[in-house]
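Accompanying notes for the structure given below.
All values derive from a computational prediction rather than experimental measurement.
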Amino acid sequence: MTWTISIDDIDDLARGSAVLGTGGGGDPYIGGLLAKEALRRHGDVTVVSLDELPDDAVVACVSMLGAPTVMVEKLPSLDEIMRPVRELSEHYGRPITHIMCIEVGGVNSTIPIAAAAALGLPVLDADGMGRAFPELQMVLPTLYGVTSSPLAYSDEKGNVGVLRTIDNAWGERIIRVAAVEMGCSIMLSGFHMTGAVARKALVRDSLTLCMNVGRAIVDARAEKVDAVERATAILSGRVLFGGKVTDVERATTAGFARGRATIEESGNTLTLLFQNEHLIAELDGEVLATTPDLIMVLDHESGEPITTEGLRYGQRVRVIAAPGDERWHSPAAIEMVGPRYFGYDMEPHRFDGTVRPGLPIADAEAAA
């Protein structure tokens with residue numbers, strides 16, 4: 001089904017994407033400002049479902065790469081956002097026909113809206129993750145053989161480049177160095193694919209889910225019911241813990257926001273470990289949930305999502321967990337986004353606390 005995104009939709013989209021961003025993806029307010037400005041100048045954006053996407057469509061992502069903390073002081077312009085898409089089109093000699101979100105988290109669900117409005121293109125109701133992850137190669141298209149390169153990139157100064165690498169892991173290694181040199185955040189366009197490939201490799205209806213979650217939180221407050229419980233139910237998740245934030249350790253290193261946060265209540269302590277996004281949730285030393293499932297922090301009363309850079313001492317929060325796309329639990333995906341990849345010697349724990357292996361990617365796709 002085709003629908004449109006207008007200025008009036010952006011707050012709900014940004015709020016929902018900040019929930020699904022699992023703590024990362026950047027400040028939803030900043031991303032919302034960019035999208036609203038683009039929609040104000042250029043008009044509404046058409047959203048196209050994967051089922052409506054032509055086989056010969058030319059799809060590419062538009063995204064920010066770097067440390068989300070930096071965007072608080074380094075706001076990109078619409079020119080910076082459009083530049084990599086135009087560069088990629090020139091490189092291929094064929095225009096991009098559809099914009100996609102590489103992840104459905106934080107600013108990387110609203111930046112593509114800004115790009116689509118400014119370029120006059122439709123955006124897909126889909127993304128490459130169904131959540132947010134910190135590294136370039138950590139997308140489902142990688143598992144389908146889609147390469148990130150040629151990868152076009154730009155910064156706020158007007159520097160532009162196109163990177164070609166042998167695989168997506170090397171793309172991450174090289175572009176991360178460029179991002180650090182260019183101020184720890186840059187705009188990208190890549191993962192060029194046909195409509196036929198996009199239908200297989202992407203997560204369906206991501207923007208619709210963002211809108212539903214964002215609206216549900218606002219509606220719950222208006223109805224004077226529990227906004228956190230409402231969001232948790234839509235995501236088919238569970239509440240892990242609630243309490244007061246008592247400590248946050250956070251540093252921007254190598255282009256990432258890394259750290260930990262502790263939340264205490266009634267003598268119990270929940271520890272969150274993050275690298276842009278929340279990766280591990282432990283209660284008094286017991287692992288409750290890990291990547292690749294979703295771990296999210298919401299304000300206890302309002303249900304508003306709190307990013308890792310927004311965590312502060314004294315906040316009263318609830319931590320929830322929800323299932324990720326089942327393909328993330330395939331053996332190949334766990335090697336790429338499981339706890340051990342990030343340096344934690346433990347098996348992946350699902351959102352419900354269980355430890356169970358996933359199916360190979362083809363079987364997981366069929367099951368989904």
Side-chain angles (χ1 to χ4, degrees), residues 20-25 65 68 102-105 108 127-148 167-173 176 191 201-203 206 235-238 240 253-261 270-283 285-297 308 319-368:
L20 290 168
T22 60
L65 180 137
I102 198 63
E103 62 185 5
V104 70
N108 278 339
D127 81 295
M129 304 184 199
R131 51 158 299 155
F133 277 122
E135 296 185 6
L136 180 76
Q137 76 279 11
M138 294 175 174
V139 294
L140 289 171
T142 296
L143 302 177
Y144 289 85
V146 178
T147 62
S148 60
D167 59 31
N168 293 349
W170 269 103
E172 161 64 25
R173 292 177 66 176
R176 188 69 55 177
F191 288 96
L202 300 182
V203 179
S206 298
L235 296 170
S236 300
R238 67 166 179 147
L240 299 180
T253 58
F256 296 107
R258 305 175 191 262
R260 68 168 58 216
L270 183 84
T271 301
L272 295 172
L273 306 173
F274 57 83
Q275 179 178 316
N276 289 8
E277 290 76 38
H278 295 298
L279 303 174
I280 312 286
E282 296 180 338
L283 181 61
E286 177 190 355
V287 178
L288 298 183
T290 74
T291 177
D293 276 352
L294 286 65
I295 302 168
M296 298 151 281
V297 179
T308 53
V319 180
I320 67 175
D325 189 292
E326 184 60 28
R327 290 172 290 180
W328 280 125
H329 289 280
S330 66
I334 291 299
E335 286 187 15
M336 183 166 59
V337 298
R340 287 194 173 90
Y341 178 87
F342 294 100
Y344 304 105
D345 188 17
M346 63 179 70
E347 293 296 324
H349 287 58
R350 303 248 182 164
F351 78 101
D352 58 5
T354 61
V355 178
R356 59 186 190 275
L359 299 170
I361 187 70
D363 295 334
E365 182 184 49

Within the 4.5 Å heavy-atom criterion, are Thr22 and Met296 side-chain neighbours or not?
yes
Does the side chain of Thr271 reach to within under 4.5 Å of the side chain of Arg260, using non-hydrogen atoms?
yes
Would you call Arg350-Glu326 a salt bridge at under 4.0 Å N-O?
yes
Heavy-atom donor-acceptor pair, Glu172 side chain to Leu136 backbone, under 3.5 Å
yes
Taking all atoms of both residues into account, what is the closest heavy-atom pair of Ala333 and Leu143, and its distance?
CB-CD1, 3.8 Å
Non-hydrogen side-chain atoms of Thr291 and Pro339 separated by less than 4.5 Å
yes
Leu65 side chain near Arg176 side chain, heavy-atom distance below 4.5 Å:
yes
Answer yes or no: is there an ion pair linking Arg340 with Glu347, defined by an N-O contact shorter than 4.0 Å?
yes
Test item: Glu103 side-chain N/O and Phe133 main-chain N/O as donor-acceptor pair under 3.5 Å
yes
Once you round to the nearest 0.5 Å, how far does CZ of Arg131 lie from CG of Leu235?
12.5 Å
How long is the straight-line distance from CG of Leu279 back to CD of Glu277, given to the nearest 0.5 Å?
7.5 Å
Any non-hydrogen side-chain atom of Met129 less than 4.5 Å from a side-chain atom of Val203?
no
Between Asp325 and Arg327, does any NZ, NE, NH1 or NH2 come within less than 4.0 Å of an OD or OE carboxylate oxygen?
yes
Begin with the C-alpha distance, continue with both residues' side-chain angles, and end with the deciding distance and a verdict on side chain to side chain contact (heavy atoms under 4.5 Å, CB included) for Met336 and Glu135.
CA-CA 10 Å; Met336 183 166 59; Glu135 296 185 6; over 6 Å; no
For Pro323 and Ser236, which heavy atoms make the closest approach, and how far apart are they?
CD-O, 3.3 Å
Hey, is the main chain of Asn276 close enough, under 3.5 Å, to the side chain of Thr308 for a donor-acceptor pair?
yes
Test side chain to side chain contact (heavy atoms under 4.5 Å, CB included) applied to Thr147 and Phe191, step by step
CA-CA 6 Å; Thr147 62; Phe191 288 96; over 6 Å; no
Considering all heavy atoms of both residues, which atom of Gly130 and which atom of Val104 are nearest to each other, and what is their separation?
C-CG1, 3.5 Å
Do Phe274 and Ile295 have side chains that get closer than 4.5 Å, going by heavy atoms?
no
With no hydrogens and no angle check, just 3.5 Å: does a side-chain donor-acceptor pair link Asp293 and His349?
no
Surrounding CZ of Arg238 (heavy atoms of other residues, nucleotides or ligands, distance under 6.0 Å), is the total greater than 12?
yes
Just do the side chain to side chain contact (heavy atoms under 4.5 Å, CB included) check on Val319 and Leu272 with the steps written out, would you?
CA-CA 9 Å; Val319 180; Leu272 295 172; 4.1 Å; yes
On a heavy-atom basis, which atom in Val337 and which in Trp328 lie closest, and how many Å separate them?
CG2-CE3, 3.6 Å
Gap separating the OG1 atom of Thr290 from the CE atom of Met346, nearest 0.5 angstrom:
7.5 Å
Determine the minimum heavy-atom distance between Pro348 and Pro292, stating which atoms define it.
CB-CD, 4.3 Å
Measure the shortest side-chain to side-chain distance between Leu294 and Phe351 over non-hydrogen atoms and say whether it is less than 4.5 angstrom.
no
Least distance between heavy atoms, Ala289 atom then Leu240 atom
CB-CD1, 4.3 Å
Under a 4.5 Å cut-off applied to non-hydrogen side-chain atoms, are Gln137 and Trp170 in contact?
no
From Thr142, Asp167, Asn168, residue fulfilling side chain to side chain donor-acceptor pair (under 3.5 Å) relative to Ser148
Asn168
Output, in order, the C-alpha distance, side-chain angles, deciding distance and verdict of side chain to side chain contact (heavy atoms under 4.5 Å, CB included) for Ile102 and Val139.
CA-CA 7 Å; Ile102 198 63; Val139 294; 3.7 Å; yes
